[in-house]
Amino acid sequence: MYCRNCGSQVDDNAVVCISCGVPPLKGSKHCQNCGKDVNEMSEVCVSCGVKLITQKATDNLSGKSEKDWTTTLILCIFLGAVGVHRFYTGHTVWGIVYILTFGGFFGIGPVIDLIMIISGNFKDSDGRLVTNK
Ligand SMILES: [Zn+2]
Ligand SMILES: [Zn+2]
């Protein structure tokens with residue numbers, strides 16, 4: 001395939017382009033199939049007709065967590081004192097802290113978490129919102 005940033009040929013499995021140093025699919029200036037110049041906004045290459053692959057590094061940062069909101073809520077209500085909802089959402093260290101501090105700082109932690117979960121502001125360990133929306 002071709003680097004989408006600079007248009008030079010790169011290995012199909014290349015993590016970074018050896019010519020320009022960015023991930024080959026992160027660019028938007030060239031077609032990954034034929035290497036021709038493409039419009040940065042276009043989704044299909046006008047030279048060869050393939051769908052242009054885009055890989056935005058920020059996609060995962062602001063998105064929605066794949067953790068289930070209802071599960072997180074139920075775990076927090078019934079097992080919140082031992083931090084099970086924290087383990088579930090990847091906050092392993094916090095889960096252990098909850099156990100060691102007699103139910104999350106004597107029960108305060110799980111209550112705050114419960115409010116955060118219900119209001120849709122609870123985040124998993126990757127910083128993505130656990131939401132039912
Ligand atoms: Zn490149
Ligand atoms: Zn093309």
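Read the numbers this way: they start at 1 and go in the same order the structure lists the ligands and their atoms. Remember, predicted model here, so these are calculated numbers, not experimental data. For reference, positions follow the sequence shown, starting with 1.
The side-chain contact (heavy atoms from CB on, under 4.5 Å) test with Thr89 is passed by exactly one of Thr72, Val84, Thr71, Asp68: Thr72.
Take the Zn ion (ligand 2) as the corner point: the lines to SG of Cys31 and to SG of Cys34 open at 110°, to the nearest 10 degrees. Between the SG atom of Cys17 and the SG atom of Cys3, the angle centred on the Zn ion (ligand 1) amounts to 110° when rounded to 10°. Take the Zn ion (ligand 2) as the corner point: the lines to SG of Cys45 and to SG of Cys48 open at 110°, to the nearest 10 degrees.
Residues Tyr2 and Gln9 form a side-chain contact, since some pair of their non-hydrogen atoms from C-beta on lies under 4.5 Å apart. Looking at heavy atoms from C-beta onward, Cys45 lies in side-chain contact with Cys34 at the 4.5 angstrom threshold.
A distance of 6.5 Å separates CD1 in Ile118 from CD1 in Ile77, rounded to the nearest 0.5 Å.
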